[in-house]
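In the text below, chain A, chain B and the rest are named by the order of the sequence lines, each starting its count at 1. Since the structure is predicted, the reported quantities are computational estimates derived from the model, not experimental observations. Heavy-atom basis, side chains included; hydrogens, waters and symmetry copies ignored.
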2 protein chains.
Amino acid sequence: MSPSKSRTDALMAGEELSSVAQRERRKRIVDATIALASKGGFDAVQMRAVADRADVALGTLYRYFPSKVHLLVSSLAVELERAQEKMDRTTVPGDSPYERVLFVLGRITRGLQRNPHLTEAMTRAFTFADASAGAEVDRVAWLMESMFTRAMSDEDPTDEQKAIARVIGDVWLSNLVAWVTRRATATDVANRLELTVRLLLK
Amino acid sequence: MSPSKSRTDALMAGEELSSVAQRERRKRIVDATIALASKGGFDAVQMRAVADRADVALGTLYRYFPSKVHLLVSSLAVELERAQEKMDRTTVPGDSPYERVLFVLGRITRGLQRNPHLTEAMTRAFTFADASAGAEVDRVAWLMESMFTRAMSDEDPTDEQKAIARVIGDVWLSNLVAWVTRRATATDVANRLELTVRLLLK
DNA sequence: GAAGTTTATAGAACGTGTTCTATTTCCGGC
DNA sequence: GCCGGAAATAGAACACGTTCTATAAACTTC
């Protein structure tokens with residue numbers, strides 16, 4: 001049982017899946033997760049339901065993703081990558097970092113708000129993640145940070161820019177959570193983000 | 001069953017508990033929660049274990065706190081109140097908001113880091129909370145915010161000060177979570193907090 | 001202080017995340 | 001094509017949060 005560990009880790013990371021069949025299985029699982037999450041949020045992502053929908057045995061699901069949190073955080077990474085790619089194909093308007101960051105922030109936020117259940121599922125998983133999902137969480141955190149540093153400038157970001165991006169990411173996530181738990185309206189979120197970016201970049 | 005609803009809500013809020021016995025039960029429950037959390041973190045706070053330790057039936061526990069998350073977030077509020085009281089008895093040194101906020105932040109952070117398991121349990125519950133625990137979460141958010149606005153000045157805080165306090169709170173929580181999940185060291189946390197406060201208040 | 005109501009108790013029961021077991025299928029090397 | 005080990009499958013089993021049931025104890029009100 002132990003010698004298979006490294007192979008299993010590769011499955012989790014989603015890279016270098018030995019066979020086509022495995023890559024397809026993994027994709028089916030992530031797709032099923034996103035579909036279920038979109039329909040009913042965190043609670044609707046039940047491991048048996050994901051396995052069923054992905055046409056995979058429960059044990060196989062757990063071989064690919066060792067927990068529900070890993071599964072959802074990995075799906076969040078997939079979604080963020082998609083958003084980043086879309087953003088890369090867009091020319092971000094605005095001639096100051098302030099304006100450009102605000103544009104990116106507004107766009108992604110509205111994108112997520114278009115799918116409240118999915119957002120709820122993914123953000124709750126992200127913030128609930130424990131140490132065992134550290135790698136996946138770090139990956140998402142890095143995606144978020146680089147999303148904002150890229151908006152600030154085309155050059156390599158300075159340390160200060162990285163710090164600012166991180167703060168924005170923290171505030172962004174916290175407001176997203178407040179929104180999915182209905183403690184803040186979309187307007188509240190927009191206002192607070194604007195205010196935060198202003199404090200940091202103006 | 002329905003007519004008792006309003007009474008139950010009062011129990012949750014922890015105010016106006018009709019009898020001494022009830023206030024004592026509630027206290028025993030919170031104490032048991034904190035003790036178990038201190039020993040083994042979120043996972044060790046098992047509802048049956050809390051009930052046992054508080055000498056209360058499982059059903060009674062649920063009458064006082066409708067879920068594990070409510071229980072832990074309420075306990076977090078209790079802890080923050082304690083910290084605030086302690087802070088009130090201290091003269092916060094420093095002659096700029098920057099210095100004073102940093103002092104308060106450092107103190108509370110080190111305080112929490114002295115009890116990693118408890119901190120893990122409470123922060124994870126806080127960030128995992130769903131809409132049903134909105135009131136409890138808001139209370140904690142408010143405690144955090146006012147902790148920082150108080151450090152900034154003795155006067156009533158301006159809107160900008162409130163905004164800054166909120167941002168600091170978001171960053172603080174996020175770093176605390178990174179620390180409990182072992183994605184950041186205590187030094188990382190201290191550095192990032194310092195940097196954030198500098199960006200916002202200097 | 002008795003009747004009626006609310007609250008507490010013990011413990012069974014249920015749902016869902018996770019683990020385990022036994023069996024079958026797939027795949028790389030001969 | 002065949003063998004041996006890894007991966008997948010079906011399904012049972014287990015753990016813990018939560019809910020439910022039946023009974024007893026504690027209160028209110030007269």
Side-chain angles (χ1 to χ4, degrees), chain A residues 1-12 16-26 28-29 33 36-37 40-73 121 124-125 128-130 132-133, chain B residues 1-12 16-26 28-29 33 36-37 40-73 121 124-125 128-130 132-133:
Chain A
M1 62 276 276
S2 199
S4 71
K5 237 327 164 44
S6 61
R7 172 56 51 85
T8 299
D9 289 349
L11 290 183
M12 277 173 55
E16 313 201 13
L17 284 197
S18 11
S19 79
V20 176
Q22 286 179 323
R23 257 187 310 268
E24 282 172 351
R25 249 182 229 108
R26 190 175 202 279
R28 286 207 308 277
I29 291 172
T33 302
L36 288 168
F42 188 87
D43 291 340
V45 180
Q46 301 188 355
M47 300 306 267
R48 290 169 180 87
V50 172
D52 272 10
R53 182 159 191 147
D55 243 306
V56 137
L58 191 55
T60 307
L61 173 52
Y62 273 95
R63 168 183 281 277
Y64 282 69
F65 299 94
S67 80
K68 175 168 172 171
V69 164
H70 285 80
L71 175 55
L72 279 165
V73 176
R124 283 183 68 202
F128 187 59
D130 70 355
S132 79
Chain B
M1 60 278 278
S2 197
S4 72
K5 233 343 170 31
S6 63
R7 173 55 53 87
T8 299
D9 290 349
L11 290 182
M12 278 172 54
E16 315 201 11
L17 285 196
S18 11
S19 77
V20 176
Q22 285 179 324
R23 255 187 310 268
E24 281 172 352
R25 251 183 230 110
R26 190 173 202 280
R28 287 206 309 277
I29 291 172
T33 302
L36 287 168
F42 188 86
D43 291 340
V45 180
Q46 302 188 355
M47 299 307 268
R48 290 171 178 87
V50 172
D52 272 9
R53 183 158 188 147
D55 245 305
V56 136
L58 190 54
T60 306
L61 173 52
Y62 274 94
R63 167 182 282 276
Y64 281 69
F65 299 93
S67 80
K68 177 168 171 172
V69 164
H70 284 80
L71 175 55
L72 279 165
V73 176
R124 283 183 68 203
F128 187 58
D130 70 356
S132 79

### Query
Rounded to the Å, how far apart are B:L61 CG and C:dA10 P?
13 Å
### Query
Taking CZ from B:R23 and P from D:dA26, how many angstroms apart are they, rounded to a whole number?
18 Å
### Charged tip of B:R25 within 45° of B:Y64 ring normal and under 6.0 Å
no
#### Entry: Between C1' of D:dA8 and CZ of A:R63, the distance in whole Å
8 Å
### Query
Are the side chain of A:H70 and the backbone of A:A129 linked by a donor-acceptor contact shorter than 3.5 Å?
no
### Query
If you measure from CZ on B:R26 to CZ on B:R63, what distance do you get to the nearest 0.5 Å?
14.0 Å
Would you tabulate the pairs of protein nitrogen or oxygen atoms and nucleotide nitrogen or oxygen atoms of nucleotides 3-5 of chain D closer than 3.5 angstrom?
none

## Note on the structure
Value for CD (A:Q46) from CG (A:D52), rounded to nearest 0.5 Å, stands at 10.5 Å
## Note on the structure
Rounded to whole Å, the CG-P distance (A:L71 to C:dG17) equals 10 Å
### Where B:A121 and B:A37 come nearest, the two heavy atoms and their spacing
CB-CB, 3.7 Å
## Note on the structure
Interatomic distance, OG1@A:T60 vs CZ@A:R28, rounded to 0.5 Å, equals 10.0 Å
Nucleotide N/O of nucleotides 1-3 of chain C paired with protein N/O under 3.5 Å:
none

### Query
Hey, is the side chain of A:Q22 poking within less than 4.0 Å of OP1 or OP2 on D:dA8, counting only N and O atoms?
yes
### Task
Test A:R53 against A:T33 for side-chain contact (heavy atoms from CB on, under 4.5 Å), laying out the working first.
CA-CA 9 Å; A:R53 182 159 191 147; A:T33 302; over 6 Å; no
### Query
How about B:V69 and B:D130: do any of their side-chain heavy atoms sit closer than 4.5 Å?
no
### Query
Quick one: what's the B/S/- string for nucleotides 10-20 of chain D, heavy-atom cutoff under 4.0 Å, read 5' to 3'?
---B--BBBB-
### Query
Run the side-chain contact (heavy atoms from CB on, under 4.5 Å) check on B:F65 and B:L72 step by step: do they pass?
CA-CA 9 Å; B:F65 299 93; B:L72 279 165; over 6 Å; no
### Query
Are A:Y64 and D:dA8 close enough that a side-chain N or O sits under 4.0 Å from OP1 or OP2?
yes
#### Entry: Interatomic distance where CZ belongs to B:R25 and C1' belongs to C:dA8 [whole Å]
6 Å
### Task
Heavy atoms only: give me the nearest B:V56-B:L61 pair and the separation to one decimal.
CG1-N, 3.7 Å
### Message
Rounded to whole Å, how long is the line connecting atom CG of A:D130 with atom C1' of C:dT18?
### Response
13 Å
#### Entry: Cation over ring face, B:K68 and B:Y62, 6.0 Å, 45°
no
